[in-house]
Asker: 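Questions regarding the structure given below will be posed in turn.
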Amino acid sequence: MCGIIGIVGTKPVQERLIDSLKRLEYRGYDSAGIAGVVGGHVERRRAKGKIRALEEVLAEDPLKAEVGIGHTRWATHGEPSTRNAHPQTAGRVTLVHNGIIENYAELREGLKAQGRTFESETDTEVIAQLLDHELDRGKAPLAALKATLDQLTGAYAIAILIDGEDQLIMGARRGSPLVVGYGEGEMFLGSDALAVGPFTNRISYLQEGDYVAIDHKGAKIFDETGKAAERPVTTVPASAALVEKGNYRHFMEKEIHDQPEGCQHTISAYVDPVSDRTRVPGEVDWAGLARIQIVACGTSFIAGLLGKYLIEQLADLPVDVEIASEFRYRQPALQANSLAIAMSQSGETADTLAALRYCQKRGMRTVAVVNATESTMAREVDVVWPIHCGPEIGVASTKAFTAQICVLTAVAIAAARARGRIDAAEEQRLVKVLLEAPRLVAESIKLEDAVRGIAQEVAKARDVLFLGRGPMYPLALEGALKLKEISYIHAEGYAAGELKHGPIALVDDQTPIVILAPFDSYFEKSVSNMQEVMARGGQVIFITDPEGEKHAPRGARVVVTAPQSDPLIAPLVLAAPVQLLAYYVAVQKGADVDQPRNLAKSVTVE
Ligand code: M6R
């Protein structure tokens with residue numbers, strides 16, 4: 001969602017603000033803007049659309065400032081337009097905001113009644129107007145900010161410039177993350193570590209309710225009660241180099257290729273390759289546990305669903321998986337002695353965070369499986385199970401998905417062993433199988449050319465069906481989600497056995513049907529479904545392994561043969577062709593692969 005950068009610099013900031021905004025593009029946005037102090041006054045430049053539109057504005061009218069703020073906006077209140085783009089200004093105040101102010105309508109009416117006029121439809125302008133109002137009442141900037149924050153309900157991360165305060169940027173966070181970056185004689189604010197990544201890797205993470213003032217001398221941080229607060233400065237590993245595309249055309253392509261390494265790093269953190277035993281971080285009483293509750297959204301939900309298959313099968317431990325936006329509002333009955341697991345690449349997804357907090361309030365022990373280890377979820381849970389795949393920039397999640405599955409596979413093995421469902425020898429066998437995954441995923445990515453060949457035809461389709469049984473069912477859901485989000489082709493994932501209960505009506509000779517069927521215990525059943533589809537003219541793309549290829553009936557339009565693997569890791573191995581199919585279909589259609597329309601990387605509003 002929206003991205004924020006603020007720089008109190010010792011040299012011109014325009015280029016650096018733009019550089020940082022480009023790094024935040026992955027969050028999804030529809031307008032962008034910057035503001036800076038020029039000759040003692042704040043000026044701003046804004047544009048609807050991509051950052052290159054803002055660059056065109058700046059080419060005509062550069063911003064000659066050494067202190068400035070920047071923003072990429074993902075519209076919530078008010079259409080994407082230059083008028084609604086941030087920075088928003090009211091009187092002496094110019095600010096950028098990420099989040100949603102829930103009581104904005106009421107505040108706006110109150111301010112209007114006092115004679116204030118609004119130029120945008122945004123909730124953000126209400127913050128600027130309120131702050132300007134408090135300054136008008138004679139308050140100093142920090143006191144005015146505190147008084148403003150006290151009136152806001154909702155979520156925000158803000159960076160603020162005040163006319164007449166040439167060296168100052170103020171900021172605040174509640175619900176949306178904000179970091180302070182420490183440079184050499186320069187200071188930064190950013191919506192995440194990547195925003196300030198090009199300038200510094202020394203970061204403080206503001207806590208809920210904190211507000212801050214930065215100038216050349218450093219940062220003054222206050223907690224929500226207004227008391228001065230110390231927040232530790234940490235050195236973050238996410239170097240600028242980690243988020244370059246390298247020789248790849250898109251981040252998504254790069255991230256698909258990053259997967260062997262992402263799986264390798266993740267698996268190494270959860271198993272000991274010397275003893276072939278699991279070593280899942282944090283104390284969990286697996287033997288005493290009654291149930292697991294997984295909450296997540298999107299691809300993370302699908303990874304969680306796969307986790308259910310793995311954990312229930314191996315550890316005989318009941319797992320409920322639920323879409324966080326449903327879970328959080330329907331007052332689910334929770335069983336005592338259960339473990340709540342939030343799955344989230346970003347660790348900031350609003351619905352997942354709310355579901356997690358719901359579980360916490362009911363006394364459950366909580367775990368977060370996250371990529372962003374400094375995220376809000378990671379900081380609020382009892383135990384963090386990090387995935388180690390590096391920053392994921394493409395909006396379509398790929399390497400985080402496979403890394404999440406690596407974690408849940410290791411967890412399933414650990415739980416099975418602790419619950420006495422497998423002996424030490426079986427644990428070692430399964431760990432050895434898991435350790436093979438990075439190599440086999442790398443082999444599977446080599447199917448790229450074969451998959452590219454199919455994409456041309458699939459790109460013409462109106463609907464695509466993905467079918468799978470057992471652990472291939474979640475992968476079918478993921479294949480459909482990937483395809484629709486980046487290529488805008490309607491796609492559905494189904495449990496193959498459900499076919500005849502409805503979806504078979506969609507089958508005709510224009511419908512590509514992707515059947516995911518490695519040679520496992522479900523194979524025969526999946527092949528029966530394949531026959532049913534082919535009998536109705538369906539164009540089958542059969543994704544299998546060498547044994548499956550040997551045993552498959554003739555008639556598939558295309559067979560894609562991934563490397564042979566143990567069923568335990570087949571979802572990891574078959575994920576690459578599924579992701580590559582979506583990728584090449586989107587490329588074929590000329591779609592904006594890394595920033596698909598209407599989508600955001602980190603969905604911090606509900
Ligand atoms: O950061 P999270 O894992 O919590 O994000 C959840 C979803 O928003 C995310 O997986 C989304 O569905 C992706 N665009 C899928 O590719």
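When reading the values below, keep in mind they use all heavy atoms of this one structure, side chains included, and skip hydrogens, waters and symmetry mates. When a ligand or atom number is given, it counts from 1 through the structure's own listing order.
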Asker: What is the closest protein heavy atom to atom 5 (O) of ligand 1, and at what distance does it sit?
Answerer: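 Scanning the protein heavy atoms, the shortest distance from atom 5 (O) of ligand 1 goes to T349 OG1, 3.5 Å.
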
Asker: Is it true that R452 and D449 make a salt bridge, defined as a side-chain N closer than 4.0 Å to a carboxylate O?
Answerer: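 D449 and R452: salt-bridged.
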
Asker: Quick test of your reading of the structure: of V395, T352, L481, whose heavy atom lies closest to atom 13 (C) of ligand 1?
Answerer: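 Residue with the shortest heavy-atom distance to the ligand atom: V395.
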
Asker: When you measure from atom 9 (C) of ligand 1 to every protein heavy atom, which one gives the shortest distance, and what is it?
Answerer: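 Result for atom 9 (C) of ligand 1: T299 N, 4.1 Å.
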
Asker: Among all the protein's non-hydrogen atoms, which is closest to atom 7 (C) of ligand 1, and how far away is it?
Answerer: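 So the nearest neighbour among protein heavy atoms is C297 O, 3.7 Å.
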
Asker: Taking only Lys NZ, Arg NE, NH1 and NH2, and the carboxylate oxygens of Asp or Glu, determine whether R330 and E326 approach each other closer than 4.0 Å.
Answerer: no

Asker: Indicate the ring-plane relationship of H97 and H86, choosing parallel, tilted or perpendicular according to the 30° and 60° boundaries.
Answerer: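 Geometry flag for H86 against H97: parallel rings.
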
Asker: Counting each atom of ligand 1 from 1 as listed, which ones have a heavy atom of S397 under 4.0 Å away?
Answerer: 15 (C), 16 (O)

Asker: Below 4.0 angstrom from a heavy atom of A396, which ligand 1 atoms are there? Numbered from 1 as shown, please.
Answerer: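 It comes down to these atoms of ligand 1: 16 (O).
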
Asker: Show the atoms of ligand 1 that are less than 4.0 angstrom away from any heavy atom in K482.
Answerer: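 Answer for ligand 1: 15 (C), 16 (O).
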
Asker: Going by the atom numbers of ligand 1, which of them fall below 4.0 Å from some non-hydrogen atom of S344?
Answerer: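 Counting from 1, the qualifying ligand atoms are 1 (O), 2 (P), 3 (O), 4 (O).
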
Asker: Which pair of heavy atoms, one from E392 and one from N371, lies closest together, and at what distance?
Answerer: N-ND2, 4.0 Å

Asker: Quick one: look up the protein heavy atom nearest atom 16 (O) of ligand 1 and list residue, atom name and how far away it is.
Answerer: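 Going by distance alone, atom 16 (O) of ligand 1 is nearest to E485 OE2, 2.4 Å.
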
Asker: Looking only at heavy atoms, what is the nearest atom pair of S191 and G3, with distance?
Answerer: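 Closest approach of S191 to G3: OG-CA, 3.5 Å.
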
Asker: If you look at every heavy atom in T402 and A575, which pair is closest and at what distance?
Answerer: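 Closest approach of T402 to A575, heavy atoms only: CG2-CB, 3.9 Å.
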
Asker: Return yes when E348 approaches ligand 1 closer than 4.0 angstrom through a heavy atom, no otherwise.
Answerer: no

Asker: Note the single closest protein heavy atom to atom 1 (O) of ligand 1, along with its residue, its atom name and the distance in Å.
Answerer: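 Atom 1 (O) of ligand 1 sits closest to the protein heavy atom S346 OG, 2.7 Å.
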
Asker: Looking only at protein heavy atoms, identify the closest one to atom 8 (O) of ligand 1 and say how far it is in Å.
Answerer: V603 CG2, 4.0 Å

Asker: Looking at every non-hydrogen atom in both residues, tell me the closest pair between C297 and T349 and how far apart they are.
Answerer: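 That closest heavy-atom pairing would be SG-CG2, 3.8 Å.
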
Asker: Need the ligand 1 atom indices (1-based, order shown) with element for anything under 4.0 Å from a heavy-atom of S300.
Answerer: 2 (P), 3 (O), 10 (O)

Asker: Tell me the closest heavy-atom pair linking T266 and P386, and the distance in Å.
Answerer: CG2-O, 4.5 Å

Asker: Give me the atom names and distance for the closest heavy-atom approach of D382 to R365.
Answerer: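 Closest pair (atom of D382, atom of R365, distance): OD2-CA, 3.3 Å.
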
Asker: Which residue owns the protein heavy atom closest to atom 12 (O) of ligand 1, what's the atom, and how far is it?
Answerer: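 Ranked first by proximity to atom 12 (O) of ligand 1 is G298 CA, 3.2 Å.
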
